[in-house]
Amino acid sequence: MIDNKKQNCIDSLSGSLTRTANWRRGLDARYNDPRNGRASGLLVRLAGETSSLTDHAWSKLRPFYNWSSPTWSEAVSAAARKVGFHNVDTFPAFTETLVGVLSEQNPAY
């Protein structure tokens, strides 16, 4: 059984990835850069994979997770914007990128 905090984190990640996919889709319509369309598709796929968040990845994210924290939201958004760029094209790569962003923002961890 999944704990509520982990489930809330999964929901947060899914929502952010979906919002970023919509943003990338808008960029794709405005600019002639095929990377945005590719990134949008990857983001949609990753949003669908959030329920596969491993216990190992969760253990790395848990110290940082706070659904109401602007720091959390900004870090998830920053990591999501890297999807399709910067070699972030799998859910494990996304979670590792997110941990990296969060660690930079919170050097005490």
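The hydrophobic clustering, which links ILVMFWY residues whose side-chain heavy atoms are closer than 4.5 Å, places V88 and L27 apart. W23 and L98 are assigned to two separate hydrophobic clusters, defined by single-linkage of ILVMFWY side chains at heavy-atom distances under 4.5 Å. The hydrophobic cluster containing V76 does not contain V101, counting ILVMFWY residues as joined when their side-chain heavy atoms lie under 4.5 angstrom apart, directly or transitively.
In terms of heavy-atom proximity, T97 sits nearest to K82 at CG2-CD, 3.7 Å. Minimum interatomic distance between L53 and C9 (heavy atoms only, all atoms of both residues): CD2-SG, 4.4 Å. Closest of all the heavy-atom pairs between A80 and L43 is O-CD2, 3.6 Å. Here the shortest heavy-atom pairing between L61 and L102 reads CD2-CD1, 4.1 Å. What you find for A39 and G84 is that their closest heavy atoms are CB-CA, 4.1 Å. Nearest heavy atom pair, residue F85 against residue N36, reads CZ-OD1, 4.1 Å.
Using a 4.0 Å cut-off between a side-chain N of Lys or Arg and a carboxylate O of Asp or Glu, K6 and D55 qualify as a salt bridge. Ion pairing of D33 with R35 is present here, as a side-chain N (NZ or NE/NH1/NH2) and a carboxylate O approach within less than 4.0 Å.
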- Apply the test side-chain contact (heavy atoms from CB on, under 4.5 Å) to residues W58 and I10: give CA-CA distance (whole Å), side-chain angles for both, the deciding distance (0.1 Å), then the verdict. CA-CA 9 Å; W58 170 235; I10 288 168; over 6 Å; no
- Check the pair N22 / R25 against side-chain hydrogen bond (donor to acceptor under 3.5 Å, both in side chains), numbers first and verdict last. CA-CA 5 Å; N22 292 336; R25 199 172 299 116; 2.6 Å; yes
- Task: Tell me, with the steps shown, if E49 and F94 meet side-chain contact (heavy atoms from CB on, under 4.5 Å).
- Result: CA-CA 11 Å; E49 294 176 9; F94 170 75; over 6 Å; no
- Item | Criterion side-chain hydrogen bond (donor to acceptor under 3.5 Å, both in side chains) on D3 and Q7, from CA distance to verdict | CA-CA 6 Å; D3 73 57; Q7 184 59 55; over 6 Å; no
- Message: side-chain contact (heavy atoms from CB on, under 4.5 Å), that's the test. Do V83 and D89 meet it? Break it down for me.
- Response: CA-CA 6 Å; V83 170; D89 56 3; 6.0 Å; no
- After noting the C-alpha distance and the side-chain angles of V44 and T18, does the key distance pass the side-chain contact (heavy atoms from CB on, under 4.5 Å) rule? CA-CA 6 Å; V44 168; T18 299; over 6 Å; no
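Residues W72 and F64 place their aromatic rings such that the two centres sit no closer than 6.0 Å.
Of the possible donor and acceptor atoms, one in the side chain of S59 sits under 3.5 Å from a partner among the backbone N and O of H56. When atom types are taken as modelled, the side chain of T20 and the backbone of L17 share no donor-acceptor pair closer than 3.5 angstrom. In terms of modelled atom types and a separation under 3.5 Å, the side chain of S103 and the main chain of V99 share a donor-acceptor contact. Checked by atom type and distance alone, the side chain of S40 never pairs as donor or acceptor with a backbone atom of R24 at under 3.5 Å.
A distance of 9.5 Å separates OG1 of T90 from CG of L42, quoted to the nearest 0.5 Å. Here S51 contributes atom OG and D11 contributes atom CG; the two are 10.0 Å apart, rounded to the nearest 0.5 Å. Between E74 atom CD and S16 atom OG the span is 11.5 Å, to the nearest 0.5 Å.
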